[in-house]
Structure formats: structure tokens, C-alpha cells
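Worksheet for the structure shown next.
In each ligand, atom 1 is the first atom listed, and ligand 1 is the first ligand listed. Note: hydrogens, waters and symmetry copies are ignored here, and every other heavy atom, side chains too, is used.
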Amino acid sequence: MATDNVYVLFFLLAFLCIQLIKPNVCDGALTSGCIPAERSALLEFKRGLKDPTNRLSSWVGEDCCKWEGVACSNHTGHVVKLDLQNPHPFSDFSDEPYNNWTLGGELRPSLLGLKHLKYLDLSMNNFGGISIPEFMGSFHQLQYLNLSRAGLGGVLPHQLGNLSDLQYLDLYNDLDPNFVVRVREFSIGDALWISHLSSLKHLNLKSVNFQNGTHWLEALNMLPSIVEIYLSLCEIPSVPLSLPHVNFTSLSVLDLSYNFISSTIPSWLFNISGLEHLDLSDNLFQGNIPPAFGNLASLKGLNLANNFRLQGGIPTSFKNLCKLQNLILSGINISKDLLELDEIFSGCIKMSLEVLSLARTNISGQLPEWLFQLASLQELYLHRNQLNGTIPESLGQLSQLVVLDLWYNHLEGVMSEAHFGNLTELKYLTLSSNSLALKVKSNWLPPFRLESLWMGSCKLGPEFPAWLQSQINISEIVMSNASIIDAMPNWFWSLISTAVYVSVSGNQISGHVPNLLHLNNLYGLDLSSNYFEGPLPYFPPGLSLLDLSNNSFSGTISLAIIMNMPNLVYLSLSENNLSGEIPFSICQLQVLWILDLSKNMLSGELPNCWNNSSPIEVMDFSRNNISGVIPESICSLVSLQSLHLSNNSLSGELPLSLKDCGKLILLDAGHNDLKGEIQTWIGESLTSLRFLNLRSNMLAGDVPPNLSRLSALQFLDLADNELSGTIPRSFGNFTAMKVIENFSSWRTGQIRYKEQMFITTKGNTRAYDVSLSLINILDLSDNNLFGGVPEELTSLFGLFSLNLSGNHFTGEIIENISKLQQLESLDLSRNNFSGTIPSSLAALTSLAHLNLSYNNLSGEIPLGNQLLTFNDPSIYIGNPGLCGFPLNQSCKDNETAQGRSNADDRDDNEMIWFYMSMAPGFVVGFWAVWGTLILNKNWNLYYFRFIDNILDKVYVFTVLKVSRIRKRCCFQQG
Ligand SMILES: *[C@@H]1O[C@H](CO)[C@@H](O)[C@H](O)[C@H]1NC(C)=O
Ligand SMILES: *[C@@H]1O[C@H](CO)[C@@H](O)[C@H](O)[C@H]1NC(C)=O
Ligand SMILES: *[C@@H]1O[C@H](CO)[C@@H](O)[C@H](O)[C@H]1NC(C)=O
């Protein structure tokens, strides 16, 4: 109230001033067509604004009606319209012009001098999170008010309820992952004031927080003229299931998507007879889809997507919806054979339907004939279902089809020219992850011109598909694992001149790659796992993702090539024949997250120029010929989670600076020439460590007992060093090794990168996908350790492999070893263990690999289920005192013949374990992406297509988004 009085006083004064100087200005006003008082009001308003790009430079001179954004009435001369919307729309790919053109500063109440204002638009600016001034409620003639994306926030003032002439109100406050605009959210309390907006037709409150909102539905129900209501992303917890009387006589559009409504679908909706568009998607609605939907005869668009608790299928009453154009039911459990939906889709809906999504609805069966009778169909989404059989040629009848998305089903067979007969409008074709093949004549000229082609794991080869040549507007091509065995045609590189994402990975495509500097739009290029050769070419400066791994590129990594790609987020040159030194310029890639140079012939030293502004999380230099020491600066990389240095010729000690790598989860420095002791700071500082591999170096000294303080450590390999002393008793305390199913995925960020580490277990070495798996391994083999094995080790219940071989351990094998129920591999060979083999060993039911050779064990090899499966005598050899199966030396007392038993049963064990461990990673990855998508809802194609990408190596979209956030965050901070 106090502020109100100040305003009033201010205006009295302003008014007096204007009265006093009136005579002089009035003359000017007559000729200029601008009311002087309104001109002053505008100038005073401008004084409060920040206008960095001088958008309001035209606000000089007498005739304010000619000023930018100002319009006056032709009859009265009063200012009736003020439109200060940002002239540059927000773009997902560059925010620069948008940001530069925002107005900011304060909203001065002088604006109220425009008493006849009917239209006010301040949208897409950035007022730094200030609240909507209460005086906004005092423009009594206002009909149009747009304050969306203006960088305003706070509780919506109830004074807005005084705008009884208002027809259009837009307060959409973007919840954009780029958080360019939304500095503070809007929220609403008691919403009864809305009911006073008696002229309101259009209301957009998207992203306004309704957590504490009350009476909003009653208020809306009292608006006699309301036509459109948008309440998406409002955190609405619930809606009343019934309303005493439903007005909404004019309501045509209702959007309640992306809220938390968990009731059944409320019945009052079905009394809104004029409803044309209803969006209830992404809530928690439950129960059946009510048959009453069939009463909404005007319905043109219905979206119930992702209410995963809805069930019971589509009611047959849907066949009465003769105007329905868009039907989005993805993410609902429908669980029907498509054929059973025949009755619904053969009704009058069949002429009107333009968009149909039944993606992720658990539908099955073959593609039925009714589908191809939908004469107006433009977009068809059926991904992630159990559809099977072949695709009929009738597909070619759908002459309006723009989007065909059949990704991730069990469709099979060969598609030919006939399948695409009349598909002249087709722009988005997604057939990935089926068992489809495309066989067309080499001179086929497709009727369509695609923008997006996703044909991962479809058989397109062996020749490189020549028909692609006609697709000159293409922006995304995914032809990974497409059985192409051919040279890359030269035309391909010009074809993709407009492309943003190209993947041809996993084929057998050969040839040199030319310089690609002309690909201005390209942000992702995946040529991995092919036969490309020759030197690395130049890539375009905009590139964010580059995967050339597993090819035969040769020559050096030139500094100039790297420096030309300042936007790289992901760079993999792994598994090529690259040689020479790693260019130091690599440190200057400011947004790089993942750097994989492994499996080449790189030499020289590692760059020592890292600094803390780099967001690198994963670095892989393993399997090269890199020498020198581990660079001091490496832990300046504050985000570093994973460092692979194995199989090089690194020397020196582990640098003390490593202790600054507090986020390090994986350190793999095995197979180098590192020396010195394992310092105690490892156990103190590297608290996030889950994988530590120092195998095959020249490390000496004792094993520090405090390593066990690494509570996340699940993989410790110190084998093949010169360590001495005993196993610390504290080694029984490795918390993560006590966990039986260590399902916690290690990457909580947005990026999913298949990280590999070579792991030696069960007597051989192979690559494991460490980022997703549960590997609990303790390997201390081939050192100079001695003494007994501490009893405490038997509390590491989650241990999968224990290797103590090649040391000088003495004493008996611990009886309690049977507590390690997960153990699949146990190697105690080449030590001085004595006594008998404990019979409890036979209780290790998972054991697949056992080696007790070359000790001083004696007595009978115990009989027992598990041990019977080990019929290879070499695992007991070198223990002169042992007798019994499978040794030739029988024990005198019992010479019972041993039946050879199911020895091969466990051969697949390893693979099963491996697959099992992949599942949780996938789920986590999926939700990470989904979570991002929910933030930026834009119904159409983009999501489907990027969700598609989940099976790809990297989530292009998410990565880019996030990298931009990071860039922005760091830019702003410094
Ligand atoms: C005033 O007249 C001009 C020219 O006829 C027209 O373009 C403009 O829209 C009118 N302004 C308003 C506010 O009606
Ligand atoms: C936007 O502003 C930035 C920083 O002031 C400036 O570097 C850049 O050139 C401007 N861009 C445009 C398109 O005006
Ligand atoms: C809702 O009310 C609670 C309790 O007063 C408060 O803590 C919370 O911040 C409010 N939420 C919003 C969005 O205003």
C-alpha cells in the first residue's frame, strides 16, 4: 500500500508539471500527432530501461507515434500499443542475437501515463527476475498483455484481476534448459482474481508454479469467453474430479500437460462440448481411458502420452471422433494386437486422422491394412513396440505421409521401390533397429526428399546406397551397422553439405576422407568402425562430436586440425594408426568432455598444459607409446572422472598433484614403467575412486593399509609389481567390495560413453565396459607379498575375482573362504600355502575358474558339487601331497570312481554376467535423457528422433545442450 501512495504522489506531481508547461508543448503536439504527456511517460519509462543494443534509438523527436514499437490511435492520437518484444526469436543453436537484443532494467510506473493503452508486449526480454509491478493492473483499457519470457518472476499480483477488458494474457515463463531467460519462476497463490478477467479469451500460464495455487479451476470456469487455456509444466498436483456446473462454453483448447496429476481423468472434461484440443500428456493419470471421450465430437487433437498408468486400451467410442486429426497415445500401456484396433480406426476417424502415435504402447502384431487406409495420415509413430512381420507394399499409398517412425520393433523382410510408391511428402524416415533390408535398383529415384534418415542396423549394402544422392536437403543421416561394404563415393561429402548429424559407423566403408571445412551445419560426425584410411582431414569448426575410432587413419594429429574445432565436446580417434606426438593445443579445447586417443602409435609425452577451465571428464591415452612422466597439471582438470594411461611407457612416480583429482573414479595406469611407492595420499584424497589399476609397473614398498578408506573402490589391481610386506588387515573394509550387486551406475552426468578397460581375470585379459558394469576384483598377484591371508578378506562378499598368485603367502587356505559366494575366479597358485584344501571351497557355487597349483597343499581334494566341475588336473599341479580327482594320484582309502559331470555348464556364465551388468546403465542413461527432454517440451519430431539416438554411442542432443549450459555458466562466472 505504501508503494501505491508513492506512485499516486508521483503521478500527481508529473501531472502538475505537464499542466504547467502545457501551452508550449501543445502546439507541437498538434503537428506531431503525439500527446505530450504520453511522450514524457514513454521517455521516463525508457530512462529506466537498459538497452545495450540501442533498440530504442528512434525514441527521439516530438512524434512518439513514430517511435519503434509505439502505435497511436488514428482517431484520438493516444498511444494505444507498445510492443517491445525482442525482435530476435530464441534459437536452440545460438543465443547471441537473442541475448544481445534483450531489454532490461526497471519497469517504471510512468508507463501508466499511457492511459489508453490497449496492447502491451514486453516479452522475450530480461528484467533480471523482478516481479510484475502491481501497476500493471491499472491499465483499464488493456486488451492484450504479453509478459512471457521477459525475465520476470515472483507471485503473480492479484491486481492483474482489474484488467476487465483483457482478452489475451501470456505469462509463459520459459523453463528452458539453457536458462537464458528464466531467472526466477512465476508462482500463483489464491487464483480467484483470474475470475475477474471477464473478457479473457486466451490465457497462457505455462511454467507458472501452481504448487500453492488455489481456486484456479473455479476461477477459470467463471470466465465466460475463455477459448484457450495453457497450464503446462505448472507443477499442478491435482484437479477436482467433478465441478458443480461446467461453464467453459467457448473453451476450445485445454493444455494440462507436464503436471503431476495422479487421479483418474476427471469427468467434467467431457461436458466441455466445444473442446477441440486436449493435452493431458505427461501426468500420472490412472485408470482406464474413459469411453466418454467419444462424446467430445469437436475434438481435433488429443494427447494422453506418457501417462504410463493409464490402461485398458483405446475405447471403441473413439470411432465417433470424426474430426480427430491428432491422436497421441505414446507411452500408455495398450498391449493389443494392432489388428484389434481395426474397429476404431476404420470408422470416420480414418478420413481425418493426420498424426497417430502409438509409440511405446506395448502393441504387437503385424502392420494391419487399416493403417494404410488412413488417407490423411501425415505422421506415424510406432517405435519401441513388438510389431513383427514384413511391411506391406500398401505403405506406398500413404501419399500425405511426412513422418514414418518404426524404430525398434521386430519388423523384417525386404523393402523395395514399391513400398515408397506415393510417399512424395516423406521427410523423416526412421526404421532403425529392426531386421529390415532395403533392396532397390541402383538407379532408383525416390519420390521423397528426406530431411532425416535413421536406418541404423537396416541392411542397406553391400553397395553404398546410390539413391541417397537425390536427398539433397538431408540434415541427419544414420546408417550405422548397415552392412555396407564399399568405397565411400565422393558425392557423399557434398551431399551432406547441409547435414547436422551423420553416422555411418559399423560398416566396411573404405577410402580417404577429404577436407570437410564446407560442412557448416555439422555438429556430429561418426565414421567409427570402418576402413577409412589416410591422413586426418580438416573438419568444420562447428563440429561438437567426432568419432573416427576403429579405422586406419594414419599420420600425425596436426595442431591446426585440432585448433580448427573449438566446439568439440567428444573426440575419439581411438584404434587407428596415428603416430607422432599429441598436439598440446588439445588443452585449449574449452568444451571438450571426452577425449579418446587410445590404441594408436602416439609417442612423445603427455601434454602438460591442462587448466581448470576445461570440463574434461574422460581421457583415454591407453595403448600407445607415450613416454615421460604423468603430467603435474592433469588434476587441474577439476571434472576429470576417468583417466586411462595403461600400456604405455610412462615412467617416474605417481605425481603428488594427482591428489587434487577428487572426482576421479577410474585411474588406469597399468602396464607402464612407474616406480616408487604407492603413497598414502591415494587412500586419503582420491575418495571417489572405484577402479584403480596399477598392474605391471615397478612399484615397490608396502601396500598402504589406508587404501581401504576408498569406500567406493570395487576394483583394485596391483598385480605384477615389486610390492612387499603383508596384506593389510584393513583390506576387509573395502565397502564397495562387500556389496553383492553393485548396481550404482557411475555416470550421473548427461553423457553416456562406453568406456572400456582391459581387465585380467580368469586367466585371460579382455576389454570390459567398465562404465556400466559391476566388477568387484582384488588382484595382488605377482608381487613379493608374504605372511598369511587375513581372515578379514572373507567379508568382501561382493568379490567376483580374487587373485593372490605368485607371492610368498603361507599358512592354510582360510576355511571361511566359502563366504565369498559371488566368487567366480580364485587364484592362489605359486605361493607357499600348506595344509589341506578346505572342503568349504566346494560351496562356492559360482566358481568357474580355480587355480591352486604350485603350493604345498596336501591331502585329498574335497569332493563337492562345484569342485567336480574342475576336471583339469593342472589347477592342482605342483602340490606333491595332493591326491584324488582329477589328479592321477589317487588317495588310498577311497578309490571311488568319479563321474565326470556338467563341466561345460558355466561357460556362458561370463557373458550372462556381462549382459546383466549392462541393464542398469541403460536405464539410467535413458532417464537422464528423458529428464532433459521434459524440460524443453516441443511435441513434434525432435524428441522422437533423439530418443532414437539412445542406442547410439552418445546422446548428441543432450550433450550439446549441456555443453552449451556449461559454456554459458563459465562465461558468466568469469
Ligand atoms: C492507423 O491507420 C494506418 C493507416 O491506415 C494503419 O496502418 C494503422 O494500423 C492504424 N492504426 C491503428 C492503431 O488503428
Ligand atoms: C553480442 O554481444 C557480445 C558481447 O557484448 C558481442 O561480442 C557480440 O558481437 C554481439 N553479437 C551481436 C550479433 O551483436
Ligand atoms: C508453497 O508454500 C510453501 C509453504 O509456505 C513454501 O515453502 C513454498 O516455497 C511455496 N511454493 C511456491 C512455489 O511458492
Side-chain angles (χ1 to χ4, degrees), residues 1-4 104 106-107 122-137 145-163 166 169-197 200 202-223 226 228-241 254-263 266 279-285 306-307 930-937 965 969:
M1 284 321 272
T3 42
D4 277 353
E106 51 179 317
L107 296 171
L122 300 175
S123 64
M124 310 207 303
N125 287 300
N126 191 350
F127 291 99
I130 58 172
S131 300
I132 298 179
E134 290 167 4
F135 72 75
M136 286 286 174
L145 179 58
N146 187 348
L147 301 177
S148 67
R149 288 183 139 177
L152 297 166
V155 181
L156 300 182
H158 64 86
Q159 284 84 352
L160 290 180
N162 297 339
L163 302 172
L166 202 65
L169 177 59
D170 189 348
L171 300 175
Y172 166 34
N173 214 2
D174 201 6
L175 199 137
D176 175 299
N178 299 287
F179 52 84
V180 178
V181 190
R182 202 174 92 151
V183 198
R184 188 176 160 211
E185 74 178 355
F186 281 136
S187 59
I188 198 163
D190 187 334
L192 216 47
W193 59 267
I194 292 180
S195 66
H196 302 307
L197 301 169
L200 202 63
H202 174 109
L203 176 64
N204 189 349
L205 297 180
K206 183 169 168 186
S207 287
V208 174
N209 192 323
F210 272 60
Q211 240 172 26
N212 297 338
T214 51
H215 301 118
W216 58 269
L217 187 60
E218 295 93 309
L220 292 173
N221 193 26
M222 283 155 82
L223 299 176
I226 192 78
E228 298 176 33
I229 300 175
Y230 299 92
L231 296 177
S232 158
L233 287 163
C234 290
E235 304 196 20
I236 296 174
S238 63
V239 288
L241 283 179
L254 179 60
D255 180 357
L256 289 170
S257 62
Y258 288 88
N259 284 299
F260 300 113
I261 308 168
S262 58
S263 60
D279 191 345
L280 302 179
S281 63
D282 293 272
N283 276 288
L284 302 164
F285 283 111
N306 301 324
N307 285 290
W930 194 78
T932 313
L933 296 184
I934 207 171
L935 291 175
N936 190 357
K937 191 201 167 196
I965 291 172
C969 99

Looking at [atom], would you say a protein heavy atom lies below 4.0 Å from it?
{"atom": "atom 4 (C) of ligand 3", "result": "no"}
{"atom": "atom 14 (O) of ligand 3", "result": "yes"}
{"atom": "atom 7 (O) of ligand 3", "result": "no"}

Given side chains that start at C-beta, do those of Ser281 and Asn306 come closer than 4.5 Å, heavy atoms only?
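A side-chain contact is absent here, since even the closest heavy-atom pair is not under 4.5 Å.
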Heavy-atom side-chain contact between Phe210 and Leu231 under 4.5 Å
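Touching, per the 4.5 Å side-chain cut-off.
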Using the rule side-chain contact (heavy atoms from CB on, under 4.5 Å), only one of Ile236, Asp279, Asp282 pairs with Leu256; which is it?
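Only one of Ile236, Asp279, Asp282 forms a side-chain contact (heavy atoms from CB on, under 4.5 Å) with Leu256, namely Ile236.
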Polar-atom distance check: Asn212 versus ligand 3, any N or O pair below 3.5 Å?
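Yes: some nitrogen or oxygen of Asn212 is under 3.5 Å from one in ligand 3.
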Under 6.0 Å from the NE2 atom of His158, do we count more than 12 heavy atoms belonging to anything else shown?
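No, NE2 of His158 has 12 or fewer neighbouring heavy atoms, counting only those of other groups under 6.0 Å.
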